[in-house]
Amino acid sequence: MSSLCGLSIVNYLTICYYNHKKVHQLIKKIIIVVNGRTVRTPKEKVAETDEVTINGGKTAYQKCHYFLMNKPKGVLSTTENRSQRTVISLLDPQDRYQGIVPVGRLDKDTTDLLLLTNDGQLNHELLAPNKHVAKIYHAKIAGVADSNTVKTFATGMTLGDGTKLKTVTFNVLKQDVENGSSEIEIEISEGKYHQIKRMFSAVGMKVVELERVSMGKLRLPDDLKRGEYVEIDVDEIK
């Protein structure tokens, strides 16, 4: 018992299942029951060991949730924005748990793997510089990346504004010398602001398309389409 002792039914169900508005609607419908007692007020207290049912179905307390999203272009990796779509807006209403945030940010035009969670400790561990969680990206470049580019990135670059970067490794997947373009795979262990774009800009090239294909050992399911997401278990992350 414990951390949940004395938690209101609204906060309990917000953490576990719904947003505040939805919980209040359920209370008005008189279909939430705690230990056989019908809930009629949002101030009703709940403990971890209590039996909570909604319309006859039992709920199971789960404090933290983890979603892998295939982020599409044109969507902000933030929790809210008045004028533009955010990754949170792509979640179904029942999955917008209190405290859900994207782990690290992908640029608006960057796609693919994005983890969202309300597990603050995990969020910190995945982003902490001393944890060195590797992130792999695929990119299309305007410019011909070659062995010299690889060597430059491997030395640990210092950008024009003085930002020092750790060594980076990448593979040239495809070159099109005639059209001046390349496709590359790059691995970084930090996440400086627009880091990959700024690195290529420093060597006279431009990132045309960028997608994150992995974060640590996390990868998206092959059948997960752009804009879709799937809930995963914390054990898959650990």
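The figures here come from the full heavy-atom set of this structure, side chains too, leaving out hydrogens, waters and symmetry mates.
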Any chance the side chains of Thr111 and Arg226 put a donor and an acceptor closer than 3.5 Å?
-> yes

Correct closest heavy-atom pair for Val207 and Ala139 would be CG1-CB, 4.4 Å

If you group Ile, Leu, Val, Met, Phe, Trp and Tyr by side-chain heavy-atom gaps below 4.5 Å, do Leu122 and Val133 land in one group?
-> yes

Any donor-acceptor N/O pair, Asp119 side chain to Cys64 backbone, under 3.5 Å = no

Are Val33 and Val10 linked, directly or through other ILVMFWY residues, by side chains that come within less than 4.5 angstrom of each other?
-> no

Looking only at non-hydrogen atoms, find the nearest pair between Met199 and Met157 and report the distance.
-> O-CE, 3.8 Å

Shared hydrophobic cluster, Leu173 / Val203 (ILVMFWY, side-chain heavy atoms < 4.5 Å) = no

Please tell me if the side chains of Leu68 and Leu115 come closer than 4.5 Å, counting only heavy atoms from C-beta onward.
-> yes

Separation of Arg40 CZ from Ile9 CD1 (nearest 0.5 Å) = 14.0 Å

Which heavy atom in Pro72 sits nearest to a heavy atom in Leu90, and how many Å separate them?
-> CD-CD1, 3.8 Å

Report, as yes or no, whether the 6.0 Å neighbourhood of atom CG on Asp161 holds more than 12 heavy atoms from other residues, nucleotides or ligands.
-> yes

Heavy atoms, side chains only, cut-off 4.5 Å: are Thr149 and Met205 in contact?
-> yes

Which distance, rounded to the nearest 0.5 Å, do you find between the CG of Leu113 and the CG of Leu106?
-> 8.0 Å

Of the non-hydrogen atoms in Leu114 and Ser77, which two are nearest, and what is the gap between them?
-> CD2-OG, 4.0 Å

Evaluate the ring planes of Tyr229 and Phe67, with Trp represented by its six-membered ring, and classify them as parallel (under 30°), tilted (30 to 60°) or perpendicular (over 60°).
-> perpendicular

Co-membership, hydrophobic cluster, residues Leu218 and Val213, 4.5 Å side-chain | no

Would you mind reporting whether Ile88 and Glu80 have side-chain heavy atoms less than 4.5 Å apart?
-> no

For the side chain of Asn148 and the backbone of Lys151, is there at least one donor-acceptor N/O pair under 3.5 Å apart?
-> no

Does Thr78 reach the side chain of Val87, with side-chain heavy atoms less than 4.5 Å apart?
-> no

Compare every heavy atom of Thr86 with every heavy atom of Asn81, then report the nearest pair and how far apart it is.
-> N-CG2, 3.7 Å

Under 3.5 Å: donor-acceptor pair, side chain of Ser214, backbone of Lys217 | no

Out of curiosity, Lys71 NZ to Leu116 CG, how far, rounded to the nearest 0.5 Å?
-> 11.0 Å

Any luck finding a side-chain donor-acceptor pair between His194 and Asp107 under 3.5 Å?
-> yes

Any chance you could measure Met69, atom CE, to Glu228, atom CD, to the nearest 0.5 Å?
-> 10.5 Å

Does Arg198 use its side chain to pair, donor to acceptor, with the backbone of Tyr193 at less than 3.5 Å?
-> yes

So do the side chains of Phe170 and Glu185 get within less than 4.5 Å of each other, counting heavy atoms only?
-> no

Kindly work out whether a path of hydrophobic side-chain contacts (I/L/V/M/F/W/Y, heavy atoms less than 4.5 Å apart) joins Ile184 to Ile136.
-> no

Which value, rounded to the nearest 0.5 Å, describes the distance between Gln84 atom CD and Leu76 atom CG?
-> 4.5 Å

First locate atom CZ of Phe200, then atom CG of Leu210, and finally report the distance between them rounded to the nearest 0.5 Å.
-> 9.0 Å

Find out whether Asp112 and His138 are in side-chain contact, i.e. whether some heavy atom of one side chain is under 4.5 Å from a heavy atom of the other.
-> no

Between Asn179 and Ser181: side-chain donor-acceptor atoms closer than 3.5 Å = no

Polar side-chain atom of Thr117 near backbone of His65 as donor-acceptor pair, under 3.5 Å | yes

Side-chain donor or acceptor of Ser182 paired with backbone N/O of Gly143 under 3.5 Å = yes

Does the pair Glu44 and Val52 meet the rule for a side chain to side chain contact (heavy atoms under 4.5 Å, CB included), with working shown?
-> CA-CA 12 Å; Glu44 181 83 29; Val52 180; over 6 Å; no

Over 12 foreign heavy atoms within 6.0 Å of CZ, Arg105 = no

Check Asn123 against Val103 and note the closest heavy-atom contact, atom names and distance.
-> OD1-CG1, 3.8 Å

Are Val168 and Ile196 side-chain neighbours, meaning at least one heavy-atom pair lies under 4.5 Å?
-> no

